[in-house]
Structure formats: C-alpha cells, structure tokens
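Please read the structure below before turning to the comments.
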Amino acid sequence: MKVIIVGGVAGGATTAARLRRLNEKMEIIMIDRGNHISFANCGLPYYIGDVIKNKKELLLQTPESFNERFNVDVRVRQEVISINSREKKIKIRKLATNEEYEETYDKLVLSPGAEPINPFESLNSNRIKTLRTVEDTIEIKKYINDNDIEDVAIIGGGYIGVEMAENLSNYSNLNVTIIQKGTHLINPLDEDIASFVHTELKSRGINLILNNGVEKIEDKEKLEIILSNGKIKADFVVLCIGVKPEISLAENAGLELNGKGILVDEYMRTSNKDIYALGDAVIVKNSITNNDMYLALAGPANRQARIVANNIVGKETVYEGVIGSSILKIFDYSLAMTGLNEKICAENNIEYKSIIVSPNSHAGYYPGAEMLTIKALYNKDGKILGSQVWGKEGVDKICDILATAIKMNLTAYDLEKLELCYAPPFSSAKSPVNILGNSIANELDGLVKTVTWKDVEKLVKKGYEVLDVRTNGEYEKGNYKNSIHIPIDELRNNIDKLSKDKKYLVYCKTGLRSYIACRILTQNGFDVYNITGGYYFYEMINS
C-alpha cells in the first residue's frame with residue numbers, strides 16, 4: 001500500500017509515525033511546503049520571549065532524522081497543487097525550481113493545517129506579522145532586536161495573542177497593547193472568568209483595548225491603527241486574529257466542505273473513501289452537543305492522527321469528537337478550560353446552572369497554598385457540562401480531572417466519591433474536585449439555593465436583601481452596597497434582626513461561610529440564597 005500525507009507537524013507527522021509502527025512494509029510519503037515537518041508550534045511565542053533560548057529546541061524532528069527512524073520519504077519545500085481523486089493521483093510542485101511531477105496513491109491523508117487570518121496583507125509591510133512557522137518566529141524576534149521600537153500592538157486576544165503579550169513584555173523597552181474586538185479576551189471563556197485574565201495582564205503593564213475592532217492600518221512613520229472607536233500608533237503589529245483552515249486543495253478536489261473546513265466522518269474519512277483529513281483543516285463533532293465545530297488544537301490533531309493510521313491499516317477506530325480542553329500560562333497564573341461555556345449552552349438551549357468555588361490548591365497549613373477559582377456548569381442531574389479553572393498551582397490537574405468527568409458522563413455525586421492523591425504539599429484531604437462535587441450536590445439535594453453575582457442586582461430590585469457574614473475587618477475594607485452585616489459567628493445571637501418576611505442573598509469571601517449561614521437561616525425558617533463565588537469573585541469581576 002502507498003500512502004501520501006500532505007502536511008506535517010502534529011497531524012501529518014504523527015500519522016506517518018503511527019502508520020510505520022503498524023506496518024513496516026508500507027510505502028509512506030510525506031510532503032510539506034515548509035522547511036520543517038515536525039516543530040513545536042505551541043512553543044513559538046516562548047522563543048520570541050527568550051524563554052526557549054535555542055531555536056533548535058523547537059525542531060522535534062528534521063526530515064533526515066524522521067526518515068532514519070521511521071523510513072518515511074519526507075519531501076519538504078514541495079507543495080501538492082492538485083488532487084485527481086478519480087485516478088488517485090496528485091500533482092506536486094518543487095518550490096525551489098517550480099518543477100511539477102505526479103505521484104499515485106492508494107490512500108491520501110490531508111493535514112494542511114490552518115493559516116493565520118491577515119486582512120492587511122495588501123500593505124505588504126515587514127512591520128505587520130503573523131505567527132505560524134519557525135521562520136515567522138525568527139523574523140519577529142529579529143525585527144524586535146534589530147530595530148528601535150517602543151510600541152507593539154497585538155491584534156486579537158485569543159490564546160496566541162495573550163501568550164505573545166506575556167512574552168513581548170519580557171522586553172523591558174516595549175509597551176505592549178492587546179486590541180480585542182470582543183468584550184473580553186480568550187473567546188471560549190465566560191466573561192466573568194475572563195476578568196481574572198484582564199486583571200493580571202493589566203497588573204503586568206499590558207494595555208487592553210476591548211470591544212473595539214480594527215478598521216484599517218495606515219503604513220506611516222509609525223503604523224496608525226484605526227479602530228472602530230479611536231486610533232493608536234505602533235512600531236510593530238502582530239496579528240493574532242485567528243486562523244482559517246486551508247481547504248483550497250480539498251475544495252478543488254471536490255471533497256465535501258461546510259464552509260469552515262473539510263467534513264469527515266467518525267473514521268476521519270472525507271467524502272472520498274480513499275482520502276482522510278485531520279487537524280486544523282477539518283470540522284469535528286462536539287461530543288457534548290453533537291454539533292459540528294472547528295477546533296484548532298494540537299491534542300485533538302494527535303489523537304485524530306492515530307485514528308487515521310488505524311483505519312488505513314484496517315484497525316477500525318472511531319473518533320468520538322472533542323470537548324475543547326485547553327490550558328494557558330499567563331505570567332504566574334494558569335488558566336484551563338474544558339467542555340461547554342455559558343454562551344454555547346444558551347445557543348443550544350441547554351439548561352444549566354453555574355457554581356464557583358475557591359478552595360486552596362493544597363492544605364492551608366502547608367506553606368505556599370494558593371487560592372484557586374473553579375467555575376463549573378452542570379445540569380439538573382448534576383452532570384458536569386463544562387469548567388474553567390484559574391490559579392497558580394494545580395490548575396492543570398483539576399481541569400484534567402473535570403475533563404475526564406465530562407468525557408465519562410460523571411455527575412457531582414461522582415466527584416464527591418473520587419479518591420484522589422493527598423499529602424499537604426499537593427492537595428487537601430478533601431480535594432478541590434471533591435469540594436466542587438460537594439457544593440453542587442448540596443444545591444441539588446436542596447440544602448442550599450444559589451445565585452450568581454449577575455443575578456443579584458435584579459433580585460435586589462425585587463426586594464431581596466443582601467447579607468454579609470464576613471468579619472468586621474473584611475466588611476470595612478469593602479462590601480456590597482447597602483448590605484446588612486452580621487459576622488457568621490454572631491449570626492445565631494442576632495438572628496432576630498432579620499425578618500422571615502424577606503428573602504436574603506448571603507455572601508462571605510468565597511462562599512463557604514455564607515453556605516454555613518444559609519444552613520443556619522434555612523433551618524430557622526428563613527428564605528435564603530448563597531451568592532456563589534463570594535465577595536472575592538465580585539471584586540474580581542468588577543475590577
């Protein structure tokens with residue numbers, strides 16, 4: 001069998017390696033128009049920021065080393081320009097000489113990836129760059145080092161935009177600004193959790209321009225960036241607007257598309273049974289909503305590659321879709337997310353509730369414990385639909401557990417029962433995941449009613465009272481307007497100051513003491529609601 005793979009990196013190179021492990025005799029050809037077939041594209045911003053100091057560290061395999069290990073015919077600086085699916089042929093152009101030739105195939109794998117969106121390409125300016133390849137990275141770093149620049153604008157506040165901002169801030173002479181068309185950075189985030197990102201970036205001296213798109217860029221002595229509202233100047237611009245799947249080859253071959261990417265079935269086959277596609281060029285299923293979605297992440301591409309290789313050799317394997325698990329370093333913090341967010345739930349008419357808990361990352365008495373913020377969405381049965389986690393320690397561990405919970409259809413009651421590793425330096429005897437499960441189960445079991453801060457204003461207008469049960473010192477440092485203040489330890493002795501004819505919204509710092517207060521008041525005949533997230537969360541989303 002002869003298999004040709006178009007494109008390398010996470011999708012193509014992993015497919016080739018898996019095919020060779022499964023079949024030593026198969027003829028495998030991998031074609032890539034770039035200079036490299038396997039590089040750490042997720043590490044590119046960190047080379048610019050000098051965290052990764054040697055560019056050779058970005059190259060996972062060279063064409064020569066890949067061929068030596070896997071006996072794959074690797075052809076770089078060559079581009080597949082057409083597919084004749086009827087005759088099972090492809091036409092290839094050698095970019096160095098423009099010479100064209102043909103190859104036949106038994107199975108064809110398309111892993112062309114996606115290209116950065118650049119609406120300002122016509123300016124043809126070396127001061128406006130996108131980031132996709134090792135060459136892009138080297139050019140950006142060289143320009144910054146070789147030129148006397150002060151102001152850098154990053155257009156787009158997604159994963160790459162935020163990573164670029166952090167790494168460019170390592171240059172002491174640079175003033176870094178992120179321009180985001182939407183109301184908050186990191187589009188998959190809920191807006192309240194995004195406020196944590198905004199606060200951290202601003203504390204690090206990064207300027208944020210939100211809810212304000214770029215209309216055009218004028219190439220003057222300094223680049224003039226004309227916004228929907230106002231304008232700014234910059235010496236250098238990095239475009240991180242997003243990516244679009246490279247579908248022209250598939251489109252010209254008559255493969256079925258949906259406008260955003262190549263359509264594949266559960267075996268990663270295209271509309272032609274002898275052509276497979278994977279990675280950033282394809283549309284996949286969201287395994288929670290079962291809707292088509294586009295997700296450009298390395299993890300799913302690697303898993304798809306294994307499935308493509310399995311199916312090519314006859315080891316039938318189904319791809320079960322994605323839930324969108326990802327993590328991002330933001331200075332000393334980590335941000336992780338998995339599953340659905342509130343916007344997707346609303347768009348798909350999925351009923352959900354949200355809860356926020358803020359446990360310590362490990363035992364509080366052991367030095368170095370840091371507060372975590374965990375937001376989870378769940379349905380009426382307690383099934384976990386999605387989660388977003390922010391903190392300095394343990395974020396990846398917690399989000400990975402919750403991603404597993406979503407994949408395995410676990411509920412809050414299952415989270416309560418999980419037996420997880422414990423020692424004081426690593427976690428608490430009741431882990432943050434157990435605490436999340438307990439908190440959701442308490443609400444489901446009717447032990448407490450919860451509301452979010454976005455509900456408070458409208459409920460106050462309906463006559464609800466807000467009760468603060470923190471200490472006197474905490475209350476004096478800041479509180480919710482017109483709130484009643486009774487410290488939790490004085491509540492039982494002052495319960496007569498509250499009226500059973502009123503409804504109360506109760507808060508403390510993070511939600512634990514207010515839960516205890518709700519239990520006291522509920523059992524004394526009061527109608528009370530715990531404000532999830534507490535005053536700490538309120539301060540953050542209103543900062």
Side-chain angles (χ1 to χ4, degrees), residues 6-7 9-12 15 33 41-42 80 82-83 85 108-121 130-133 155-161 180-182 186-189 213-214 239-273 275-305 307-308 318-326 337-350 386:
V6 182
V9 198
T15 303
R33 66 187 178 196
N41 49 0
C42 295
V80 177
S82 66
I83 301 169
S85 58
L108 181 66
V109 180
L110 300 181
S111 182
E115 60 180 330
I117 296 169
N118 183 0
F120 312 107
E121 211 161 0
T130 58
L131 181 63
R132 184 190 186 190
T133 65
I155 301 178
Y159 300 104
I160 300 299
Q180 172 76 339
K181 187 176 182 179
I186 317 292
N187 190 49
L189 277 182
V214 176
L239 298 178
C240 302
I241 299 170
V243 296
K244 56 183 178 181
E246 293 206 13
I247 58 174
S248 57
L249 194 61
E251 186 174 24
N252 293 335
L255 301 181
E256 191 175 349
L257 313 171
N258 80 342
K260 293 181 181 178
I262 305 168
L263 284 176
V264 292
D265 64 12
E266 65 268 35
Y267 304 105
M268 303 306 297
R269 292 179 306 207
T270 68
S271 51
N272 183 298
K273 66 182 179 64
I275 303 177
Y276 292 78
L278 72 156
D280 294 354
V282 304
I283 298 298
V284 292
K285 291 287 184 186
N286 182 306
S287 58
I288 306 172
T289 67
N290 204 38
N291 291 338
D292 287 344
M293 73 176 293
Y294 179 70
L295 188 70
L297 291 173
N302 272 280
R303 289 190 294 279
Q304 291 162 13
I307 287 167
V308 167
V318 169
Y319 186 60
E320 297 179 352
V322 296
I323 60 174
S325 301
S326 59
M337 64 204 84
T338 187
L340 306 184
N341 58 30
E342 293 197 71
K343 181 180 178 182
I344 295 175
C345 286
E347 289 173 347
N348 289 274
N349 296 314
I350 297 171

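Just so we're clear, the structure is a prediction, and the values are computed from it rather than from any experiment.
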Do you know which two heavy atoms are closest between [X] and [Y], and how far apart they sit?
X	Y	result
Tyr267	Asp265	N-OD1, 2.8 Å
Thr289	Leu340	CG2-CD2, 3.8 Å
Ala10	Ala305	O-CB, 4.3 Å
Thr130	Ile117	CG2-O, 4.3 Å
Leu249	Ser82	CD1-N, 3.7 Å
Pro245	Ala281	CB-CA, 3.7 Å

Set of residues satisfying side chain to side chain donor-acceptor pair (under 3.5 Å) with respect to [X], sequence neighbours excluded:
X	value
Asn252	none
Ser325	Thr338
Tyr294	none

- Query: Is the count of non-hydrogen atoms from other residues, nucleotides or ligands lying under 6.0 Å from Glu347 atom CD greater than 12?
  - Reply: yes
- Query: For atom CD of Glu320, is the number of surrounding heavy atoms from other residues, nucleotides or ligands below 6.0 Å larger than 12?
  - Reply: no
- Could you pull out all residues at least two apart from Gln180 that satisfy side chain to side chain contact (heavy atoms under 4.5 Å, CB included)? Leu185, Leu210
- Query: Can you check whether Lys343's main-chain N or O pairs, donor with acceptor, with Asn341's side chain at less than 3.5 Å?
  - Reply: yes
- Is there a donor-acceptor pair under 3.5 Å between the side chain of Thr270 and the backbone N or O of Ile275? yes
So if I apply the side chain to side chain contact (heavy atoms under 4.5 Å, CB included) rule between [X] and each of [options], which one comes out positive?
X	options	result
Leu295	Ile283, Val322, Asp280, Asn286	Val322
Leu278	Pro300, Pro112, Ser111	Ser111
Ile241	Val214, Ile155, Asn118, Ile160	Ile155

- Query: Under the side chain to side chain contact (heavy atoms under 4.5 Å, CB included) criterion, do Gln304 and Val284 qualify, and how do the steps go?
  - Reply: CA-CA 10 Å; Gln304 291 162 13; Val284 292; 3.6 Å; yes
- Message: Test side chain to side chain contact (heavy atoms under 4.5 Å, CB included) on Met268 and Val109; report intermediate values, then the result.
- Response: CA-CA 10 Å; Met268 303 306 297; Val109 180; over 6 Å; no
- Message: A side-chain contact here means heavy atoms from C-beta on lying under 4.5 Å apart; do Tyr159 and Pro188 qualify?
- Response: yes
- Asp292 versus Lys285: any side-chain heavy-atom pair under 4.5 Å? yes
Donor-acceptor pairs are to be reported for all side-chain atoms of residues 253-260 against protein atoms at under 3.5 Å, with residues two or more places apart or in another chain.
from   : atom 1 : to     : atom 2 : distance (Å)
Asn258 : OD1    : Lys260 : N      : 2.9
Asn258 : OD1    : Gly261 : N      : 3.2

- Query: salt bridge (Lys or Arg N to Asp or Glu O under 4.0 Å): which pairs involve residues 239-249, sequence neighbours left out?
  - Reply: Arg33-Glu246, Arg132-Glu246
- Rounded distance [0.5 Å steps], CG in Leu110 versus OG1 in Thr15: 10.5 Å
- Item | Stepwise side chain to side chain contact (heavy atoms under 4.5 Å, CB included) check, Arg269 with Tyr276 | CA-CA 4 Å; Arg269 292 179 306 207; Tyr276 292 78; 3.2 Å; yes
- Message: For Glu115 and Val243: C-alpha separation, side-chain torsions, deciding distance, then whether side chain to side chain contact (heavy atoms under 4.5 Å, CB included) applies.
- Response: CA-CA 5 Å; Glu115 60 180 330; Val243 296; over 6 Å; no
